[in-house]
Student: 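Please find one structure pasted underneath; my questions will follow.
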Amino acid sequence: MSSEWDTKVGRGSAIKWPLGIGGKGNEGVAGLIKQTPGAIGYIELAYAIQNKMTYADMQNKSGSFIKPTVASTSAAGNITMPDDAKVSLSNTDAKDGYPISGFTWALIYKEQNYDERSLQRAQKVLKLLWWNVHEGQQYCKDLDYAPLSPAAVSIAEKILKSATFAGKPIL
């Protein structure tokens, strides 16, 4: 969201923090947060909830201070999305959305006929992803994960329906 941050700190799984120390994964970061008075860190919401960690309300783009919850994380994705789903939820436009949320991605080839892959295997992969986006969403809240927003489900459906095998739709 910030060009200065992008050039000075960067992005990715290992970035150049200008100050402080970093931990590896949720466990490493959480451990450092717990043992450092006044520490601030960023970990997965499910991990923070399940480990009863203190977390902060954050001010979003609309000026509202939003508590990190399953509902506010899900709401962050209820925005207008491009057909290719390439969108960042950081500083979301959703009024009730937590401003430092993000999607977990599953990447697939549009054409599934590659590397001697069978049609049956391609169908199973697409059916699994379809299940994840629909029926699987019922399990999110109990695991402290945010269900996909209606906008995200709609885009995921379009992408999954566009997958082909030998040029023919799979779903």
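Quick note: residue numbers are just sequence positions, from 1. Computed from a prediction, not measured in an experiment: that's the story for all the values here.
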Student: May I ask you to check whether over 12 heavy atoms, not counting those of Leu143, lie within 6.0 Å of atom CG?
Tutor: yes

Student: More than 12 non-hydrogen atoms from neighbouring residues, nucleotides or ligands closer than 6.0 Å to CD on Glu4, yes or no?
Tutor: no

Student: State plainly whether one hydrophobic cluster holds both Ile43 and Ile100, where clusters connect Ile, Leu, Val, Met, Phe, Trp and Tyr through side-chain heavy atoms under 4.5 angstrom apart.
Tutor: no

Student: Does some side-chain heavy atom of Ser64 sit less than 4.5 Å from a side-chain heavy atom of Asp96?
Tutor: no

Student: Testing the basics here: between Ala48 and Tyr55, what is the closest heavy-atom pair and its distance to 0.1 Å?
Tutor: CB-CD2, 4.2 Å

Student: Quick one: does any side-chain atom of Asp115 pair with a main-chain N or O of Arg117 as donor and acceptor, under 3.5 Å?
Tutor: no

Student: Following the transitive rule for hydrophobic clusters with a side-chain heavy-atom cut-off under 4.5 Å over Ile, Leu, Val, Met, Phe, Trp and Tyr, establish whether Val70 and Phe103 coincide in one cluster.
Tutor: no

Student: Compare every heavy atom of Ser62 with every heavy atom of Lys95, then report the nearest pair and how far apart it is.
Tutor: O-OG, 3.6 Å

Student: Tell me whether the count of non-hydrogen atoms from other residues, nucleotides or ligands lying under 6.0 Å of CZ in Arg121 goes above 12.
Tutor: no

Student: What do you reckon, is NZ of Lys61 surrounded by more than 12 foreign heavy atoms closer than 6.0 Å?
Tutor: yes

Student: Taking atom CD as the centre, does Gln120 end up with more than 12 heavy-atom neighbours from other residues, nucleotides or ligands that are less than 6.0 angstrom away?
Tutor: no

Student: May I ask you to decide if Ala146's main-chain N or O and Thr73's side chain share a donor-acceptor pair within less than 3.5 Å?
Tutor: no

Student: Kindly compute the distance separating CG (Asp83) from NZ (Lys86), expressed to the nearest 0.5 Å.
Tutor: 12.0 Å

Student: Are any of the side-chain heavy atoms of Leu128 and Asn132 separated by less than 4.5 Å?
Tutor: yes

Student: Assigning hydrophobic clusters by single linkage (Ile, Leu, Val, Met, Phe, Trp, Tyr; side-chain heavy-atom cutoff under 4.5 Å), is Tyr98 placed with Ile79?
Tutor: no

Student: Same cluster or not: Val9 versus Leu32, using hydrophobic residues (I, L, V, M, F, W, Y) connected whenever any side-chain heavy atoms lie under 4.5 Å apart?
Tutor: no

Student: Looking at every heavy atom in both Asn60 and Ile66, which two are closest together, and how far apart are they?
Tutor: ND2-CG1, 3.4 Å

Student: Identify each donor-acceptor pair in which a side-chain atom of residues 163-171 lies under 3.5 Å from a protein atom, sequence neighbours left out, and give them as a table.
Tutor:
unit_1 : atom_1 : unit_2 : atom_2 : d
Thr164 : OG1    : Glu111 : OE1    : 2.8

Student: Please tell me whether Val133 and Trp130 are part of a single hydrophobic cluster in this structure, the criterion being side-chain heavy atoms less than 4.5 Å apart.
Tutor: yes

Student: Might you point out which heavy atoms bring Pro150 and Asn78 nearest each other, and give the distance in Å?
Tutor: CD-OD1, 3.7 Å

Student: Strictly distance-based, threshold 3.5 Å: is any side-chain N or O of Gln50 a donor or acceptor partner for the main-chain N or O of Tyr47?
Tutor: no

Student: Determine whether a donor-acceptor pair (N or O, by modelled atom type, separation under 3.5 Å) exists between the side chain of Gln112 and the backbone of Tyr109.
Tutor: yes

Student: So which pairs with a foot in residues 145-159 pass side chain to side chain donor-acceptor pair (under 3.5 Å), sequence neighbours left out?
Tutor: Glu44-Tyr145, His134-Glu157

Student: Hey, does the side chain of Ser72 reach the backbone of Lys67 with a donor-acceptor pair shorter than 3.5 angstrom?
Tutor: yes

Student: Which heavy atom in Met81 sits nearest to a heavy atom in Val87, and how many Å separate them?
Tutor: CE-CG1, 3.8 Å

Student: Can you find a heavy atom in the side chain of Asp57 that is under 4.5 Å from one in the side chain of Pro68?
Tutor: yes

Student: State the CD-OG distance between Gln123 and Ser118, to the nearest 0.5 angstrom.
Tutor: 8.0 Å

Student: Which residue, Asn26, Leu45, Ile33, forms the side-chain contact (heavy atoms from CB on, under 4.5 Å) with Met53?
Tutor: Ile33

Student: What are the two closest non-hydrogen atoms of Ala75 and Ala94, and how far apart are they?
Tutor: O-CB, 3.2 Å

Student: If you count every heavy atom of other residues, nucleotides or ligands that lies below 6.0 Å from Gln59 atom CD, does the total exceed 12?
Tutor: yes

Student: State the CD1-CG distance between Ile108 and Leu160, to the nearest 0.5 angstrom.
Tutor: 5.5 Å

